[in-house]
Amino acid sequence: MAVNDSVGLGGAKADAWERELTRRSGLVAERHTVRGMYFNGTLDALRSLGHEPLVRRCVEESGESHFLDFFNYPARLHYRMVSTALPALAEEYGGAEEGLRRLGQQVARRVWGLGVGKVMLSLSPLSPWQLQSALPMAYRSSVSFGEYEVRWMGPCSGRLMLKQDFMPYPFHEGVVKTSLDLWGGRAVRVSGRQTGGLDSECDFWWQ
């Protein structure tokens with residue numbers, strides 16, 4: 001599914017990507033949870049742009065005083081936070097699509113910098129091929145929903161397949177890009193697409 005991006009004068013307006021995020025968020029059930037690292041990664045993305053007032057607003061709207069990286073929180077809270085943060089990210093990066101992509105990059109840095117992810121990155125030698133098991137594991141350990149699988153398409157290419165995940169695919173493009181960079185990939189390229197209601201794929205290449 002192609003989604004066109006649009007940004008209004010003086011700031012980002014509600015565009016197709018924001019509407020797609022809203023559609024997906026509406027399908028989140030009470031049983032669905034995400035780890036606090038997703039919330040903190042989102043707040044990190046805003047802090048990197050100097051949006052401290054928006055950081056405070058996001059925290060206040062959540063009803064929490066802070067987020068513990070390994071604690072489970074209602075997924076609905078995270079998507080509400082992303083919806084609040086996305087206009088600022090869209091304005092900074094020229095559209096909501098790139099804003100989602102940068103958000104995925106920041107969340108990935110948070111995930112890989114903690115716990116098992118940090119331990120795995122401390123091992124050597126690192127290789128993008130290790131992501132076949134590491135990337136699905138990272139997803140499964142940080143959210144309570146979805147199916148994630150990496151398949152190799154060539155000697156330096158692969159595909160991440162996501163089923164029943166609530167974030168639009170540009171977010172996952174960012175996750176894959178940062179993951180490959182951290183695991184030793186060079187000249188990384190990622191291209192995503194939606195394949196179903198809540199399903200998507202991200203093809204990736206490296207040197």
Side-chain angles (χ1 to χ4, degrees), residues 1-5 16-17 20-21 23-24 27 34-35 37-38 41-42 44-45 48 82 86 89-90 93-207:
M1 182 188 74
V3 182
N4 294 320
D5 210 16
W17 284 113
E20 176 64 8
L21 177 62
R23 181 189 73 82
R24 287 169 172 259
L27 300 174
V34 301
R35 299 278 190 181
M37 61 186 73
Y38 268 49
T42 302
D44 287 344
S48 71
V82 173
L86 189 53
L89 295 172
Y93 296 116
E97 179 174 342
E98 185 61 21
L100 286 166
R101 197 172 287 120
R102 297 298 184 98
L103 180 60
Q105 292 175 0
Q106 193 67 52
V107 169
R109 291 188 189 99
R110 188 88 186 190
V111 172
W112 291 119
L114 296 168
V116 175
K118 184 176 182 179
V119 172
M120 294 177 71
L121 280 174
S122 70
L123 304 176
S124 60
L126 292 174
S127 166
W129 290 87
Q130 294 167 304
L131 287 177
Q132 183 170 30
S133 59
L135 192 54
M137 182 192 70
Y139 275 106
R140 287 193 294 267
S141 65
S142 57
V143 300
S144 69
F145 47 80
E147 299 177 24
Y148 309 92
E149 180 183 0
V150 171
R151 291 183 182 176
W152 300 120
M153 312 300 289
C156 291
S157 63
R159 174 176 295 163
L160 171 66
M161 295 179 294
L162 311 100
K163 295 183 178 180
Q164 297 300 299
D165 186 281
F166 299 104
M167 287 297 289
Y169 71 76
F171 173 86
H172 300 292
E173 288 179 334
V175 170
V176 173
K177 172 70 167 59
T178 291
S179 299
L180 281 167
D181 287 340
L182 291 173
W183 288 79
R186 296 185 177 183
V188 174
R189 293 178 293 127
V190 185
S191 178
R193 59 191 168 276
Q194 186 168 323
T195 58
L198 291 174
D199 302 345
S200 57
E201 296 176 345
C202 292
D203 289 342
F204 54 87
W205 303 263
W206 76 91
Q207 295 179 2

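Every value quoted in this text rests on a predicted model; they were computed, and no experiment measured them.
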Participant: According to side chain to side chain contact (heavy atoms under 4.5 Å, CB included), who are the partners of M153, at least two apart in sequence or on a separate chain?
Facilitator: S157, R159
Participant: Using a 4.5 Å cut-off on heavy atoms from C-beta on, say whether the side chain of V188 contacts that of W205.
Facilitator: no
Participant: So, for L180 and P128, which heavy atoms are closest and what is the spacing to 0.1 Å?
Facilitator: CD2-CB, 3.7 Å
Participant: Excluding sequence neighbours, so at least two apart, what forms ring-ring contact (aromatic ring centres under 6.0 Å, His included) with Y38?
Facilitator: H78
Participant: Looking only at non-hydrogen atoms, find the nearest pair between T195 and S200 and report the distance.
Facilitator: OG1-N, 3.5 Å
Participant: Distance-only, no hydrogens or angles: does the R101 side chain make a donor-acceptor pair with backbone N or O of V175 under 3.5 Å?
Facilitator: no
Participant: Quick one: does L103's side chain get under 4.5 Å of V82's, heavy atoms only?
Facilitator: yes
Participant: Can you tell me how far apart CD (Q207) and CZ (R186) are? Round to the nearest 0.5 Å.
Facilitator: 9.5 Å
Participant: Any side-chain heavy atom of F145 sitting closer than 4.5 Å to one from Q164?
Facilitator: no
Participant: Is the closest side-chain heavy-atom distance between H172 and L162 below 4.5 Å?
Facilitator: yes
Participant: Quick one: pull up CZ in R110 and CZ in R35 and give me the separation to the nearest 0.5 Å.
Facilitator: 14.0 Å
Participant: Going by the rule side chain to side chain contact (heavy atoms under 4.5 Å, CB included), which residues pair with Q106 if we only count those two or more places apart in sequence or in a different chain?
Facilitator: D44, A45, R109
Participant: Applying salt bridge (Lys or Arg N to Asp or Glu O under 4.0 Å) to D203 and R193, what does each step give before you reach the verdict?
Facilitator: CA-CA 9 Å; D203 289 342; R193 59 191 168 276; 3.1 Å; yes
Participant: Is there a side-chain contact between Y139 and L160 (heavy atoms, below 4.5 Å)?
Facilitator: yes
Participant: If you define the side chain from C-beta out and look only at heavy atoms, does anything of L121 sit under 4.5 Å from W183?
Facilitator: yes
Participant: Return the CG to NZ distance between D181 and K177, rounded to the nearest 0.5 Å.
Facilitator: 3.5 Å
Participant: How many angstroms lie between atom CZ of R140 and atom CG of L135, to the nearest 0.5 angstrom?
Facilitator: 9.5 Å
Participant: Roughly how far, to the nearest 0.5 Å, is the OG atom of S48 from the CG atom of L89?
Facilitator: 8.0 Å
Participant: Evaluate the criterion side chain to side chain contact (heavy atoms under 4.5 Å, CB included) for residue pair M120 and Q130; output intermediate values, then yes/no.
Facilitator: CA-CA 10 Å; M120 294 177 71; Q130 294 167 304; over 6 Å; no
Participant: Looking only at non-hydrogen atoms, find the nearest pair between G99 and L86 and report the distance.
Facilitator: C-CD1, 4.3 Å
Participant: P168: which residues meet the side chain to side chain contact (heavy atoms under 4.5 Å, CB included) condition with it, sequence neighbours left out?
Facilitator: W17, E20, L21, R24, L100, P170
Participant: With A138, which residues qualify under side chain to side chain contact (heavy atoms under 4.5 Å, CB included), at least two apart?
Facilitator: V111, W112
Participant: Do E173 side-chain atoms and G192 backbone N/O form a donor-acceptor pair below 3.5 Å?
Facilitator: yes
Participant: For the atom pair OG1 (T42) and CE (M37), what is the distance rounded to the nearest 0.5 Å?
Facilitator: 12.5 Å
Participant: A90 and A96: which non-hydrogen atoms are nearest, and at how many Å?
Facilitator: CB-N, 3.4 Å
Participant: Mind jotting down which residue pairs meet the side chain to side chain donor-acceptor pair (under 3.5 Å) criterion with at least one end in residues 145-155? Sequence neighbours excluded, please.
Facilitator: Q132-W152, Y148-D165, E149-R151
Participant: Check whether any side-chain heavy atom of V116 sits under 4.5 Å from a side-chain heavy atom of S141, and report yes or no.
Facilitator: no
